[in-house]
Participant: 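Starting off with a structure, shown below.
These values consider heavy atoms only, across backbone and side chains, with no hydrogens, waters or symmetry-generated copies. Chain letters run A, B, ... following the sequence lines, proteins first and then strands; every chain starts at 1. These numbers were taken from a predicted model, which means no experiment stands behind them.
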Amino acid sequence: MTEPTKDQKIWQVVAAIPAGRVASYGQVADMAGLGRQARYIGRALGKLPEGHSIPWYRVIRSNGQIAFPIGSEAFEVQAQSLREEGVVVVDGRVSMREFGWRP
DNA sequence: CTTCTGACGTTGG
DNA sequence: GCCAACGCCAGAA
């Protein structure tokens, strides 16, 4: 590894999010040096290899809402994982005011 | 090549 | 709070 790819950069940023906190796609994109390509984050997370240690579930929308339809399987997994870290998920959304990650 | 879609964001009504 | 419009850009059809 000489130079981290965009995907790896993203994963690195996501991995840097402390437990019990959440970051928005736009925030991750900005920190990864992608500017306003917030959409790319979702695609990069979709490319996650198996056996990864990336807390993808700590990434949500800027409005605090989870990026999956409520009731879907992925949604349940994410909400569950967040709750286990102490993050309160209400009606598919998280209070960014409280749990938003600010370095 | 064109067109659509999408784990998004911001602004404005 | 809700919805619409626009911006942004990478893959897939």
Participant: Rounded to the nearest Å, what distance is computed from the CD1 atom of residue A/I10 to the C1' atom of nucleotide B/dA7?
Facilitator: 12 Å

Participant: Tell me the interatomic distance from A/M31, atom CE, to B/dG9, atom P, rounded to whole angstroms.
Facilitator: 12 Å

Participant: Give the rounded distance in Å between these two atoms: CD of A/Q65 and P of C/dC3.
Facilitator: 12 Å

Participant: With the side chain of A/R39 defined as its heavy atoms from C-beta on, choose the nearest nucleotide among C/dC8, B/dA7, B/dG9.
Facilitator: C/dC8

Participant: Let me see the working for A/E85 and A/R21 under salt bridge (Lys or Arg N to Asp or Glu O under 4.0 Å), right down to the final yes or no.
Facilitator: CA-CA 8 Å; A/E85 293 186 341; A/R21 292 275 179 84; over 6 Å; no

Participant: When you measure from the side chain of A/S81 to the backbone N and O of A/V77, does any donor-acceptor pair fall under 3.5 Å?
Facilitator: yes

Participant: If you measure from the C1' atom in C/dC8 to the same atom in B/dT5, how many Å do you get, rounded?
Facilitator: 14 Å

Participant: For B/dC8 and A/S62 - does any side-chain N or O of the residue sit under 4.0 Å from the phosphate oxygens OP1/OP2?
Facilitator: no

Participant: Nearest-Å distance, CG (A/D30) to P (B/dC8)?
Facilitator: 17 Å

Participant: State, with a plain yes or no, whether a side-chain heavy atom of A/V14 is found less than 4.5 Å away from one of A/P55.
Facilitator: yes

Participant: Do the side chain of A/R93 and the main chain of A/G64 share a donor and acceptor less than 3.5 angstrom apart?
Facilitator: no

Participant: In Å and rounded to the nearest 0.5 Å, what is the CG to CD1 distance from A/D7 to A/I54?
Facilitator: 11.0 Å

Participant: Among C/dG1, B/dG9, B/dA7, find the nucleotide with the atom closest to the side chain of A/R93.
Facilitator: C/dG1

Participant: If you measure from the P atom in B/dC4 to the same atom in C/dA5, how many Å do you get, rounded?
Facilitator: 16 Å

Participant: When the distance from CE of A/M96 to P of B/dC8 is rounded to whole Å, what number comes out?
Facilitator: 14 Å

Participant: Whole angstrom is fine here: how far is it from CZ in A/R36 over to P in C/dC9?
Facilitator: 8 Å

Participant: Could you tell me which non-hydrogen atom of A/A44 sits nearest to which non-hydrogen atom of A/W11, and how far apart they are?
Facilitator: O-NE1, 3.3 Å

Participant: Mind listing the N/O atom pairs, protein and nucleotides 10-13 of chain C, below 3.5 Å?
Facilitator:
| unit_1 | atom_1 | unit_2 | atom_2 | d |
| --- | --- | --- | --- | --- |
| C/dA10 | O4' | A/R43 | NH1 | 2.9 |

Participant: What integer distance in Å separates A/I70:CD1 from B/dA7:P?
Facilitator: 16 Å

Participant: Rounded to the nearest Å, what distance is computed from the CG atom of residue A/N63 to the P atom of nucleotide B/dT11?
Facilitator: 14 Å

Participant: If the cut-off is 4.0 Å, is A/R61 near the phosphate of B/dC8, judged by side-chain N/O to OP1 or OP2?
Facilitator: yes

Participant: Ignoring hydrogens and geometry, is there a side-chain-to-backbone donor-acceptor pair from A/Q27 to A/V22 under 3.5 Å?
Facilitator: no

